[in-house]
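The structure appears below as structure tokens.
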2 protein chains.
Amino acid sequence: MPHPLRQHIEKIISLTDEEFDFVLSHFEQIKKRKHQHILQKDEIANKEYWIISGCLKSSFFDNDGKEHILQFGMENWWITDYDSFINQSKSKIYIDCIEDSELLYITYENREKLTSKMHKMERFWAKKSKYGRIALQNRILSLLKNSSKERYELLLEQYPKLFQRVPKKLIAAYLGVSRETLSRLNS
Amino acid sequence: MPHPLRQHIEKIISLTDEEFDFVLSHFEQIKKRKHQHILQKDEIANKEYWIISGCLKSSFFDNDGKEHILQFGMENWWITDYDSFINQSKSKIYIDCIEDSELLYITYENREKLTSKMHKMERFWAKKSKYGRIALQNRILSLLKNSSKERYELLLEQYPKLFQRVPKKLIAAYLGVSRETLSRLNS
DNA sequence: CATTTATCACAAATTTATTGTGACAATTGT
DNA sequence: ACAATTGTCACAATAAATTTGTGATAAATG
């Protein structure tokens, strides 16, 4: 069966075997265990990760040390701090594994190389980026217009798996409520 | 009471208040939680850490994925991969926290600066380095001449606290025996 | 001012990690 | 070749850490 990354990319653009091999040659594969981070504050994100298996979160710690989760990442998702990655600037966020995970990553330099040599992949990432932008916009809207109960229900509807996989306190940190409030939303 | 790092340094050289403040200004303080790493394979160790509180280990993973522990680090110890730090080359080792820890670190650049401006500190680190070398040599000798039971007893005698603080499987990875064998050394 | 939420405290439940031990194969030194 | 030591696998008991729900109360929100 085809490489999972190929399946993923071919949802947007199609590739020959040679093209995919060429793409893949720009990636490295690594394993990370639960709790291990792949990016921390003040580092420059020079890698973009694609999740083969496992689960990660990208989060921000406020001055009180409280964690706010920007994004969860699961199988077939991309994750990095795009602010830091694109601008090659210091990151404010922290990305770590919620489960043992297998990851593919492409460095900033390799992505530049690849997109310059292969216009198709430029298009792929451009499209990805558009979708990502829409998702972010929707998240902002949801934070503005929906109550925490509504946000909870929307998330549950959209990603029911997440609730079986990750502790509720992390869901709470994603929804922007305390874990106690989240717990009481059930009743 | 004086800063713990000052107490530590003054065991070897003496410092005025101004001198110590100057030294300290080259360090940064950070907190790390259990499981978090401060160095991983293929990174360049550009920081040397001094442990205020907590416990860390520096280890190497062999081809079978088995962990071999080079060194534990506790309060008032220094830790980094000196091979990588001194030569500013890619590290082969992994350093992570066994407990939540508070650390001071000095970057390679700052250490260069500090030692060039303050000869005393050059002497301090030179002496530290000598002691470290002796400790390493003794460890090698012990691995060569002592049985695992003897190495176990020597470690227990020298660092009894370690056995209360860290899981036996890590002691085993330090002694170079399987955790089962270590367990049976008790009887 | 009513409602919602955060915070603190606590205990129960659940999950992970640690530890010892038996059985047996592999390795080592003599 | 043989005895002793150790590694590996499997399993169960224990211990430790994490997760979860809930009450009480204060703070904030609209």
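By convention in this document, chain letters (A, B, ...) are assigned in the order of the sequence lines, proteins followed by strands, and residues within each chain are numbered from 1. Small disclaimer: the values here were computed from a predicted structure and weren't measured.
The salt bridge (charged side-chain N to carboxylate O under 4.0 Å, His left out) analysis of residues 23-40 of chain A, with sequence neighbours excluded, yields the pairs R33(A)-D100(A).
Remark: E67(A) does not engage K169(A) in a salt bridge, criterion side-chain N to carboxylate O under 4.0 Å. With respect to E75(A) and R165(A), a salt bridge is recorded, a charged nitrogen being found less than 4.0 Å from a carboxylate O. Under the 4.0 Å criterion applied to side-chain N and carboxylate O atoms, E43(B) and K90(B) are not assigned as salt-bridge partners.
Other residues, nucleotides and ligands contribute at most 12 non-hydrogen atoms within 6.0 Å of the NZ atom of K161(B).
Counting 5' to 3', DNA chain C first comes under 4.0 angstrom of a heavy atom of chain B and last does so at the ends given by dT18(C) to dA23(C).
Taking the six-membered ring for Trp and thresholds of 30 and 60 degrees, F124(B) and H8(B) have ring planes more than 60 degrees apart, a perpendicular arrangement. Between H3(B) and W50(B), the ring planes are tilted. Angles from 30° to 60° get that label. Under the 30°/60° scheme for interplanar angles, the aromatic rings of F72(A) and Y174(A) are found to be tilted. Note on ring orientation: taking the six-membered ring where Trp is involved, the planes of F27(A) and W78(A) are tilted (angle from 30° to 60°).
dG30(D) atom C1' lies 16 Å from atom CG of L144(A), rounded to whole Å.
Near DNA chain D, defined here as any heavy-atom distance below 4.0 Å, there are no residues from residues 31-39 of chain A. Within residues 161-180 of chain B, the residues approached by DNA chain C to less than 4.0 Å at the level of any non-hydrogen atom are P167(B), K168(B), K169(B), R179(B), E180(B), in residue-number order. Less than 4.0 Å separates DNA chain D from at least one heavy atom of each of the following residues of residues 145-156 of chain B: S148(B).
Using a distance-only test at 3.5 Å, with no hydrogens or angles considered, a donor-acceptor pair links the side chain of K120(B) to the main chain of S14(B).
Side chains of N186(B) and Y152(B): a donor on one and an acceptor on the other come within 3.5 Å.
Listed by chain and number, the residues in a side chain to side chain contact (heavy atoms under 4.5 Å, CB included) with N87(A) are D83(A), S89(A) (sequence neighbours excluded).
Position along DNA chain C of the nearest nucleotide to N186(B) versus D64(A) favours D64(A) as the more 5'-ward residue.
When the options Q36(B), H37(B), H35(B) are evaluated for a side chain to side chain donor-acceptor pair (under 3.5 Å) with H37(A), the one that passes is H37(B).
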